[in-house]
Amino acid sequence: MRYDYIVAGSGLSGSIFARIAAEKGHHVLILESRKHIAGNVYDERNEAGILIHKYGPHIFHTNNEEVYNFIQRFSEWIPFKLKCEVEMCGKSTPSPFNFKTIDQFYEPDKAEIIKRSLLDAYPNQVVVTIVELLNNNNTHIKEYAQMLFENDYSLYTAKQWGINPSEIDISVLKRVPVRLDYQSMYFTDKYECMPKCGYTEFVKEIISHPNIKIKTNVDALKHISLNENHIHFNDIEAHSDCHFVYTGPIDRLFGYMYGELPYRSLHFDYKTIDKESFQNAPVVAYPQVKDYTRITEYKKLPLQDIQGKTTIAIEYPVQYKIRSTNEPYYPIPTEYSTKVYQQYKSSANKFSNLVLCGRLAEYKYYNMDQAIASVLQKAKDLV
């Protein structure tokens with residue numbers, strides 16, 4: 001068989017692109033470097049029978065109708081509203097921070113003044129970013145924002161990204177807003193759900209098509225070469241105009257010719273405990289603890305009927321190093337990394353049969369729905 005598309009990676013981006021191409025009648029080969037499919041959304045049941053996410057918690061949420069309708073084709077999805085908390089100054093408070101946080105950290109009279117100031121300053125708004133609050137001229141709002149920034153945002157950001165918060169792109173600080181009510185839901189999207197049988201089964205359904213073949217434990221970059229403005233495939237039966245869909249780190253694709261792009265990696269310490277519950281919420285952040293950022297209790301993500309045991313994962317951000325066993329998880333958006341990425345992107349644009357897909361290849365801090373939306377658009381344009 002001669003392939004029309006060679007896809008490097010079987011995560012969401014690679015798998016969905018492969019499926020759309022296959023449905024258009026094209027033959028697709030997926031090369032996956034890991035021993036399993038599904039990329040970073042891979043999940044599996046542990047020895048206690050609890051479904052865990054091997055590479056960190058994934059909760060699907062979106063307002064995008066096209067994306068939501070697409071995923072419905074491949075799995076039954078169950079509604080799931082994520083609740084998170086923050087352990088801060090000896091108290092457990094909702095994440096995102098809300099009016100309950102104000103009640104917890106201030107005397108009643110002062111709390112009422114802060115809440116009223118927020119409602120007056122941001123009428124008809126449910127959420128506001130910490131950046132907006134820090135820049136507000138109201139004394140009470142600025143004091144509240146500074147308290148949150150010093151005890152949570154600055155500490156968590158520095159620990160998560162390994163750099164000073166002033167160096168990180170401001171969009172990162174805006175990802176978790178502050179709520180202006182008592183609602184304790186983490187997301188506010190129209191759709192928030194989880195695949196009933198897990199993400200691995202979801203991806204398995206996506207790539208279950210007669211025009212798709214997948215090989216695991218194969219490094220795609222060992223089977224290609226970059227010749228002027230065309231990707232050439234070595235020892236792979238491919239058409240002359242076969243496209244290479246790449247979902248890995250873009251700097252690795254080009255042999256780090258402009259230097260290494262910074263990525264953040266993670267280490268997870270999994271523990272199964274003989275107790276019904278470990279913490280109040282499925283995900284709890286610990287900004288003031290020295291080494292780890294958060295703890296996920298998978299028995300509650302979503303709620304699983306396992307008696308007498310629970311499994312937690314303590315999450316440690318670590319530096320990503322090439323040619324090591326750790327995986328790149330997050331691009332680190334700074335002024336420097338943006339400039340370096342643009343150099344790689346300019347080189348990539350010269351290759352007529354190269355498609356970049358996903359968080360690592362596009363160097364964007366995508367949520368799942370954003371990654372899917374990007375792939376759907378690319379597939380429309382190219383297939």
Side-chain angles (χ1 to χ4, degrees), residues 57 59 61 81-189 192 277-297 300 312 314-315 317 367:
I59 297 88
H61 57 99
K81 292 290 185 181
L82 177 65
K83 288 189 176 183
C84 298
E85 290 187 355
V86 176
E87 284 285 334
M88 186 173 73
C89 302
K91 299 179 181 179
S92 293
T93 194
S95 177
F97 299 116
N98 63 10
F99 280 1
K100 180 181 177 181
T101 305
I102 300 174
D103 293 340
Q104 287 177 294
F105 285 88
Y106 295 91
E107 294 298 322
D109 290 346
K110 183 63 176 291
E112 290 304 315
I113 292 173
I114 295 173
K115 288 183 285 186
R116 175 48 54 193
S117 298
L118 288 167
L119 293 174
D120 290 342
Y122 305 100
N124 304 316
Q125 284 186 233
V126 178
V127 297
V128 63
T129 70
I130 187 65
V131 178
E132 292 174 281
L133 295 183
L134 288 169
N135 291 328
N136 194 289
N137 291 324
N138 182 287
T139 303
H140 302 293
I141 292 176
K142 188 178 287 290
E143 177 191 340
Y144 174 53
Q146 198 65 41
M147 187 276 288
L148 297 180
F149 187 78
E150 290 176 359
N151 291 292
D152 179 86
Y153 284 92
S154 63
L155 301 177
Y156 194 96
T157 301
K159 190 163 44 173
Q160 174 73 4
W161 299 100
I163 58 177
N164 191 293
S166 63
E167 298 178 53
I168 202 77
D169 188 271
I170 200 168
S171 62
V172 173
L173 288 174
K174 294 179 178 179
R175 284 181 65 87
V176 182
V178 178
R179 293 195 63 91
L180 305 181
D181 56 21
Y182 282 95
Q183 291 294 319
S184 59
M185 297 304 175
Y186 193 79
F187 301 115
T188 58
D189 300 79
E192 187 178 350
S277 176
F278 177 80
Q279 58 192 23
N280 295 332
V283 181
V284 177
Y286 294 84
Q288 296 172 322
V289 173
K290 181 181 178 182
D291 296 319
Y292 59 88
T293 50
R294 60 183 180 178
I295 297 178
T296 301
E297 186 171 6
K300 300 173 180 176
I312 63 170
I314 307 171
E315 187 171 320
N367 291 329

Answer yes or no: is there a side-chain heavy-atom contact under 4.5 Å between Val178 and Thr101?
no
Closest contact, heavy atoms only, Tyr286 versus Arg294
CD1-CA, 4.2 Å
Mind checking whether Asp169 and Trp161 have side chains closer than 4.5 Å, heavy atoms only?
no
Pairing donors with acceptors under 3.5 angstrom, does anything connect the side chains of Asn151 and Gln288?
yes
So Glu132 and Pro177, do their side chains get closer than 4.5 Å, heavy atoms only?
no
Looking only at the side chains, is there a donor atom on one of Tyr182 and Lys115 sitting less than 3.5 Å from an acceptor on the other?
yes
So Ser92 and Glu87, side-chain hydrogen bond (donor to acceptor under 3.5 Å, both in side chains) or not? Walk me through it.
CA-CA 5 Å; Ser92 293; Glu87 284 285 334; 2.2 Å; yes
Distance from Lys91 atom NZ to Lys100 atom NZ, nearest 0.5 Å?
11.5 Å
Using a cut-off of 6.0 Å, state whether more than 12 heavy atoms not belonging to Asp109 lie near its atom CG.
no
For the residue pair Ala121 and Ile141, what are the closest heavy atoms and their distance?
CB-CD1, 3.7 Å
Roughly how far apart are Arg179 CZ and Leu118 CG, rounded to 0.5 Å?
13.0 Å
Provide the closest heavy-atom pair for Ile295 versus Gln279 in the form atom of the first, atom of the second, distance.
O-NE2, 2.9 Å
Taken in chain and number order and not counting sequence neighbours, the residues that satisfy side chain to side chain contact (heavy atoms under 4.5 Å, CB included) with Ile113 are Ser117, His140
With the side chain counted from C-beta on, respond yes when Met88 and Gln104 share a heavy-atom pair under 4.5 Å apart, and no when they do not.
no
Give, for atom NZ of Lys142 and atom CG of Leu134, the distance between the pair rounded to the nearest 0.5 Å.
7.0 Å
Using side chain to side chain contact (heavy atoms under 4.5 Å, CB included) as the criterion, point out the one residue from Thr293, Thr157, Val86 that pairs with Pro287.
Val86
Report the distance from atom CG of Leu82 to atom CD1 of Ile59, rounding to the nearest 0.5 Å.
4.5 Å
Below 30° counts as parallel, above 60° as perpendicular, anything between as tilted: where do the rings of Tyr106 and Tyr144 land?
perpendicular
I need the minimum non-hydrogen distance between Asp291 and Lys159, along with the two atoms involved.
O-CD, 3.8 Å
Quick one: does Ile168's side chain get under 4.5 Å of Ile163's, heavy atoms only?
yes
Looking only at heavy atoms, the pair that brings Lys81 and Asp189 closest together is NZ-O, 4.0 Å
Check: Glu297 side chain, Phe278 main-chain N or O, donor-acceptor pair, under 3.5 Å:
yes
Do Val176 and Tyr186 have side chains that get closer than 4.5 Å, going by heavy atoms?
yes
Of all heavy-atom pairs between Pro165 and Ala158, which one has the smallest distance, and what is that distance?
CD-CB, 4.1 Å
Would you compute the distance between atom CG of Asn138 and atom CG of Leu133 and round it to the nearest 0.5 angstrom?
10.5 Å
Nearest 0.5 Å, please: how far is CG in Leu155 from CZ in Phe149?
9.0 Å
